[in-house]
J.: 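Sharing a structure, written as structure tokens. Questions coming.
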Amino acid sequence: MWFFIVRSPWGEPTEYVLKAGKTTIGRSADADIQMADQSASRAHAEVENDPATRTVTIRDLGSTNGTYVNRERINHMLILQPEDSVRIGEHILTLYYRDTHPVPMPKRGMGTQPLTRDLMLEALEHHAILLYKIARQLNTALDVETALREVSDLMRISMGADKCEVILADEFGRLAELGFPTSIAQMAIDQKTAVIIPEVSADTDPTFGKSSLLMRVRSVLCVPVVSGDDLLGLIYMYKTDPGSRPFDDNDLHLAVAIGHQAALTIQRTDLIKRVQKEQQIRMLLQRFLSPPEAEYILQDYVRTGRLPGLTEQRLTVLFADMMDSTGMAETMGAKRFGEMLSNYYHDMTSIIFHHGGVLDKYLGDGLMAVFGMNKSEPGPESNAVRAGLEMLETLDAMNRRSPDQINIGIGINTGLVVAGYVGTDERVEFTVLGDTVNVAYQLEAHARPNRILVGPGTTGAVAGKFDLRRVGPVDVKGRTKPVQAHEVMCEPPA
């Protein structure tokens with residue numbers, strides 16, 4: 001008997017057995033094969049099955065958009081051959097012949113097809129209409145998880161599978177958990193080969209696995225997702241219903257074509273994710289670094305895929321904190337205080353960047369900066385002190401222009417710290433930890449108003465370069481011994 005497998009972008013493939021005589025195809029409710037397709041005419045085409053000659057012919061009924069056989073528009077009656085493809089609108093009808101009294105044949109075993117360029121082009125051409133619809137749907141996916149779910153759902157529906165899943169290459173270790181025969185999957189992965197098993201049986205392949213037989217898997221299809229020489233993932237699907245049509249070569253070609261579209265989608269969503277991540281990192285770095293330094297570290301991140309992690313290094317830490325900010329906010333009002341604080345942060349941050357510092361964080365009414373992260377720039381201790389002196393000079397100029405007087409304290413200390421970038425894919429922060437940080441923070445509390453106190457590590461590096469006055473021991477919370485501090489008076493004239 002002759003029958004069509006009818007495929008459309010909207011549902012599972014269906015089988016239509018041709019009756020003897022004429023079968024009408026169209027959008028009309030009276031058509032034998034009805035198509036809810038705006039591209040189809042009400043009476044679009046007519047197929048005639050002649051049992052005496054065992055031939056099937058087709059003719060167009062003067063449709064607006066035409067009837068296509070094997071991608072060529074027909075304008076006269078045509079005899080169809082088995083596996084001919086008829087396109088009407090967005091529907092594809094593939095003709096098959098099945099002997100009603102078949103001679104018993106051994107079940108067809110496993111077949112493979114290498115993913116060659118010719119196979120890919122043939123698959124794309126044969127299923128162009130369906131792929132157009134799939135591409136439009138997949139192009140709305142903005143993340144790889146959504147894209148994979150879309151691909152799985154589309155393939156399961158369009159191929160009538162009971163189970164379909166797309167997994168990425170870095171998850172190939174999960175194949176055993178998913179109940180799919182790992183031997184078949186591994187063959188597809190290692191050889192980049194599409195594998196099809198129309199009818200599964202215990203003797204199909206000795207390595208097939210008992211779990212698949214226990215799951216009553218009837219038909220299997222497995223297609224790698226590749227881009228050039230890169231293996232991006234794996235599509236696998238199977239059917240369990242004994243009454244369902246087994247996978248055939250047409251299904252394999254469709255899976256290859258959708259796999260190609262899946263590869264493009266995975267690459268696109270991966271690119272979107274990388275661009276978003278790079279933008280996030282750029283915004284993060286621009287908070288802490290001058291633009292040239294931020295771009296340098298960003299390029300290193302693009303090359304390596306990671307930011308510098310936590311490492312022990314010798315750095316100079318600067319804390320600057322505003323005195324009585326709570327009282328100022330109450331006196332000035334929220335709006336005016338906010339504007340003043342914004343201008344203050346802008347000027348102080350520019351000074352830190354100018355002297356090669358890294359802004360670690362804002363502290364409500366203060367800030368923390370680090371000097372020495374850029375190893376190519378010498379003298380981080382002196383740079384930190386110069387930054388502190390310029391901050392006081394700038395603050396003095398601000399106070400002369402405004403009735404709102406700002407007083408700050410600046411603490412600077414040098415020593416070993418643990419510094420680097422920590423966080424998750426969603427949030428990354430630059431972090432500096434250690435006793436050196438604690439000492440600088442405590443020195444700032446003793447440096448008010450408008451003074452700069454430095455710890456012993458910084459004192460040893462800048463002595464003779466700046467006018468220092470010994471302050472003596474300063475108690476630091478959390479330490480058993482006080483810290484010997486010095487005050488920076490001014491930079492000696494050149």
Side-chain angles (χ1 to χ4, degrees), residues 5 7-14 92 113 115 120 123-124 127 129-182 184-189 192-198 200 211-212 215-227 230-241 244-248 250-273:
I5 297 295
R7 285 186 170 87
S8 76
W10 309 292
E12 297 184 8
T14 58
I92 302 293
Q113 287 200 39
L115 290 183
M120 191 75 70
L124 293 173
H127 299 284
I129 299 296
L130 180 58
L131 288 177
Y132 170 72
K133 288 289 185 181
I134 289 173
R136 287 185 60 184
Q137 186 165 342
L138 290 180
N139 282 341
T140 63
L142 298 179
D143 60 88
V144 70
E145 291 78 13
T146 301
L148 296 183
R149 186 168 59 252
E150 294 280 4
V151 171
S152 299
D153 290 344
L154 287 166
M155 294 192 74
R156 181 179 51 78
I157 292 172
S158 63
M159 302 180 70
D162 296 310
K163 174 73 173 181
C164 179
E165 188 158 344
V166 186
I167 65 171
L168 298 176
D170 57 4
E171 296 184 323
F172 283 165
R174 294 181 53 225
L175 284 169
E177 302 173 21
L178 300 171
F180 190 77
T182 54
I184 304 302
Q186 204 60 51
M187 176 188 297
I189 292 167
K192 293 183 181 177
T193 298
V195 180
I196 180 172
I197 304 178
V200 173
S211 61
S212 298
M215 292 171 63
R216 301 180 185 276
V217 172
R218 179 172 180 266
S219 191
V220 173
L221 188 57
C222 188
V223 176
V225 179
V226 299
S227 176
D230 297 329
L231 180 63
L232 304 182
L234 186 71
I235 299 172
Y236 75 90
M237 66 189 76
Y238 56 77
K239 297 183 179 184
T240 58
D241 183 1
S244 63
R245 178 185 58 84
F247 291 124
D248 57 21
N250 197 47
D251 293 311
L252 184 143
H253 289 170
L254 178 56
V256 169
I258 297 179
H260 175 72
Q261 186 63 49
L264 297 177
T265 303
I266 291 170
Q267 288 179 313
R268 179 178 60 81
T269 55
D270 186 56
L271 177 61
I272 291 173
K273 185 176 181 180

J.: Can you tell me which residue among Asp230, Leu232, Val256 is in a side-chain contact (heavy atoms from CB on, under 4.5 Å) with Val225?
T.: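 So the option named by the test is Leu232.
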J.: Are any non-hydrogen side-chain atoms of Ile189 and Pro224 less than 4.5 angstrom apart?
T.: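 The answer is no; the side chains never approach within 4.5 Å.
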J.: What pairs with Asp153 under salt bridge (Lys or Arg N to Asp or Glu O under 4.0 Å), at least two apart in sequence or on another chain?
T.: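 Asp153 satisfies salt bridge (Lys or Arg N to Asp or Glu O under 4.0 Å) with Arg156 once adjacent residues are dropped.
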J.: Are any of the side-chain heavy atoms of Leu252 and Leu221 separated by less than 4.5 Å?
T.: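 Of all side-chain heavy-atom pairs linking Leu221 with Leu252, at least one is under 4.5 Å.
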J.: Within the structure provided, determine whether Leu234 and Val166 are in side-chain contact (heavy-atom separation under 4.5 Å).
T.: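 A side-chain contact under 4.5 Å is absent here.
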J.: Would you check, one step at a time, whether the test side chain to side chain contact (heavy atoms under 4.5 Å, CB included) holds for Cys164 with Ile235?
T.: CA-CA 7 Å; Cys164 179; Ile235 299 172; 4.3 Å; yes
J.: Once side chain to side chain donor-acceptor pair (under 3.5 Å) is applied, do any residues pair with Ser227, and if so which ones, sequence neighbours excluded?
T.: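 For Ser227 the side chain to side chain donor-acceptor pair (under 3.5 Å) partners, ignoring immediate neighbours, are Gln267.
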J.: Can you tell me how far apart SG (Cys222) and OH (Tyr236) are? Round to the nearest 0.5 Å.
T.: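 Output value for this atom pair is 9.5 Å.
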J.: State, with a plain yes or no, whether a side-chain heavy atom of Phe172 is found less than 4.5 Å away from one of Gln186.
T.: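 Heavy-atom side-chain distance check fails, nothing below 4.5 Å.
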J.: Between Val220 and Val195, is any pair of side-chain heavy atoms under 4.5 Å apart?
T.: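 No, too far: nothing below the 4.5 Å cut-off.
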J.: What is the distance from atom CG of Leu231 to atom NZ of Lys192, rounded to the nearest 0.5 Å?
T.: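 Here the interatomic distance stands at 6.0 Å.
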J.: So which atom in Phe247 and which in Tyr238 form the shortest heavy-atom distance, rounded to 0.1 Å?
T.: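 Looks like CE1-CA, 3.9 Å.
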